[in-house]
Amino acid sequence: MPLYRELPAAAQAAYAELYEQVQVAEASRSPAFLTGKVGWKTIKGRRYGYWQFKEIDGRKREYYLGPEGPAVAAIERARAQGAPALEAVSRQAAAAVAQGNQVTPAKQFRIVKRFADYQFFRAGGLLVGTHAFLALGNQLGVAWGSGTRTLDLDFAHSGPGGNVAMALPADLKISLHDALESLEMGFLPALGGTKGFASNYMSEKEPDLRIDFLTVRRRNNDEVQMPDLGVALVPLKFMEYLLERPGQGVLLDRADACMVNLPDPARYGLHKLLVAAERGSRHAKYRKDILQALALIEWHLERAPTLLADAWQDLRARGTGWEKRARASLAQAPAAQRPLLTRFGQLVD
């Protein structure tokens, strides 16, 4: 089975237009849109845009808008032209789907959209896991061949004090627990949360529908209590690598869309190699992890080899254990992908 197929040019154009429309609509939802301005920060050599404004009480605030590019520039244009109506976003989302972009399953989209409504992504959260992989496919102009079917939803946050290095502000106080309750989908917090804050939720109506909140691993390896998010975060190995250099993308429903923060595609692929090695070959998601990694490696070899090489060098610099795990997963690639591994080796060795 092919690792991915190219989306038609019309689908890619429809996604690009939708991306700009949703970005502007997201910024315009805040009253600060009328008085704020786009500001810039340079972090690790890359420029990131923020919507900067003052609250009524004079406090300075900012919302993360994303890396420098057409979507952020569109926000400044919209100040003079007026923000697009939500109906326009709905129509463009339907057009993007009709042209071939992949939709997120309705239940999962509803959850992610509610988190967006509750400002989780403006507070520094990221969508990770397979639904991020699906969103990255639309962003990169491809439909993945496999590895996109799962009920689970995974979200990540760098935790206390980690957002500056990762370009995402965390000056908003929200409650993801309240967001889940408002959906009335039967979500209950798992037992064992820290001081009433849970890091895992499961639906009593649909037991396979699970939500996990993740963060970087710290010295004590305990759950991280996050009152400003209303949940706890489970620390995982290698998560700091995944959370660096985040970007943004659009999550699609059949007639709706929302903006989410996503991992860097090259890092996502290489991180999946680490995750697969850590889980082991007996884990149910082992093969899926490797296929997702290979799909993103192949895309970068064709379209952005320098970005892939840079991500690999960063991984390699973190220690021999990191590289050993990644290479062990690569060694388990299907025989049909051996030529791909040869090309990858020629790039990074």
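Computed from a prediction, not measured in an experiment: that's the story for all the values here.
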Engineer: Could you tell me if Ser203 and Lys107 have a donor-acceptor pair between their side chains, going purely by distance under 3.5 Å?
Structural biologist: no

Engineer: Sorted by first residue and then second, give each salt bridge (charged side-chain N to carboxylate O under 4.0 Å, His left out) pair with at least one member in residues 267-276; sequence neighbours left out.
Structural biologist: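 Pairs touching residues 267-276 that pass the test: Glu244-Arg267, Arg267-Asp314, Lys272-Asp289.
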
Engineer: I'd like to check the ring-ring contact (aromatic ring centres under 6.0 Å, His included) partners of Phe238; sequence neighbours left out, ordered by chain and number.
Structural biologist: Trp322

Engineer: Are any non-hydrogen side-chain atoms of Gln12 and Asn138 less than 4.5 angstrom apart?
Structural biologist: no

Engineer: We want to know whether Gln23 and Gln248 form a side-chain donor-acceptor pair, criterion being a heavy-atom distance below 3.5 angstrom.
Structural biologist: yes

Engineer: Taking Glu206 for the side chain and Glu204 for the main chain, is one N or O donor matched with an acceptor at less than 3.5 Å?
Structural biologist: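 It does not hold such a pair.
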
Engineer: Output yes when a side-chain donor or acceptor of Trp144 lies under 3.5 Å from a complementary backbone atom of Gln292, and no otherwise.
Structural biologist: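 No.
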
Engineer: Under 6.0 Å from the CZ atom of Arg114, do we count more than 12 heavy atoms belonging to anything else shown?
Structural biologist: yes

Engineer: Got a donor-acceptor contact below 3.5 angstrom from the His300 side chain to the Gly269 backbone?
Structural biologist: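 No; zero donor-acceptor contacts below 3.5 Å.
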
Engineer: Sequence neighbours excluded, which residues qualify as side chain to side chain contact (heavy atoms under 4.5 Å, CB included) partners of Val112?
Structural biologist: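 Checked Val112 against side chain to side chain contact (heavy atoms under 4.5 Å, CB included); matches are Phe121, Leu127, Leu153, Phe155, Leu251, Cys258, Val260.
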
Engineer: Taking all heavy atoms of Gln139 and all of Gly249, pick out the closest pair and write down the distance.
Structural biologist: NE2-CA, 3.9 Å

Engineer: Are the side chains of Ile174 and Asp228 in contact, using a 4.5 Å heavy-atom criterion?
Structural biologist: no

Engineer: Same cluster or not: Leu308 versus Leu296, using hydrophobic residues (I, L, V, M, F, W, Y) connected whenever any side-chain heavy atoms lie under 4.5 Å apart?
Structural biologist: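 Same cluster.
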
Engineer: For Phe344, which residues count as a ring-ring contact (aromatic ring centres under 6.0 Å, His included) partner, sequence neighbours excluded?
Structural biologist: Trp312

Engineer: If you round to the nearest 0.5 Å, how far is CG of Leu294 from CG of Leu3?
Structural biologist: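 One finds 6.0 Å between CG of Leu3 and CG of Leu294.
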
Engineer: For Arg303, enumerate each residue passing the salt bridge (Lys or Arg N to Asp or Glu O under 4.0 Å) test, keeping only those at least two apart in sequence or located in another chain.
Structural biologist: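 With neighbours one apart ignored, the set is Glu6.
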
Engineer: Under a 3.5 Å distance rule, please check whether Gln119 uses its side chain to pair with a backbone N or O of Asp117 as donor and acceptor.
Structural biologist: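 Pair found, side chain donor or acceptor close to backbone of Asp117.
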
Engineer: Cluster question for you: counting only ILVMFWY and a side-chain heavy-atom cut-off of under 4.5 Å, with indirect links fine, are Leu176 and Met202 together?
Structural biologist: no

Engineer: Within the side chain of Tyr268, is there an N or O that forms a donor-acceptor pair under 3.5 Å with the backbone of Gly129?
Structural biologist: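 Present.
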
Engineer: Could you list the residues that satisfy salt bridge (Lys or Arg N to Asp or Glu O under 4.0 Å) with Arg316, not counting sequence neighbours?
Structural biologist: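 With neighbours one apart ignored, the set is Glu323.
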
Engineer: For Asp154, is there an ion pair with Arg210 - N to carboxylate O distance below 4.0 angstrom?
Structural biologist: no

Engineer: Just checking, is any N or O donor in the side chain of Gln99 or Tyr15 under 3.5 Å from an acceptor N or O on the other one?
Structural biologist: no

Engineer: Quick check on the hydrophobic clustering: are Phe133 and Val275 connected, directly or via other members, by side-chain heavy-atom contacts under 4.5 Å?
Structural biologist: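 They do not share one cluster, since no chain of ILVMFWY contacts under 4.5 Å joins Phe133 to Val275.
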
Engineer: Can a donor-acceptor pair be found, under 3.5 Å and without considering hydrogens, that links the side chain of Arg245 to the backbone of Ala311?
Structural biologist: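 Flag not set: sc Arg245 to bb Ala311 has no pair under 3.5 Å.
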
Engineer: Donor-acceptor pair, Asn200 side chain versus Asp212 backbone, under 3.5 Å?
Structural biologist: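 Not confirmed, Asn200 side chain does not pair with Asp212 backbone.
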
Engineer: Between the main-chain N or O of Phe187 and the side-chain N or O of Lys205, is there a donor-acceptor pair closer than 3.5 Å?
Structural biologist: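 Answer holds: no.
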
Engineer: Can a donor-acceptor pair be found, under 3.5 Å and without considering hydrogens, that links the side chain of Asp253 to the backbone of Ala255?
Structural biologist: no

Engineer: For Glu181 and Ser175, which I'm curious about, is there any donor-acceptor pair between the side chains at under 3.5 Å?
Structural biologist: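 Looking only at side-chain atoms, Ser175 and Glu181 do not form any donor-acceptor pair under 3.5 Å.
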
Engineer: Taking C-beta and beyond as the side chain, do Val234 and Ser199 meet within less than 4.5 Å on heavy atoms?
Structural biologist: yes

Engineer: Nearest 0.5 Å please: distance from the CG atom of Asp152 over to the CG atom of Asp208.
Structural biologist: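 So the CG of Asp152 and the CG of Asp208 are separated by 8.0 Å.
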
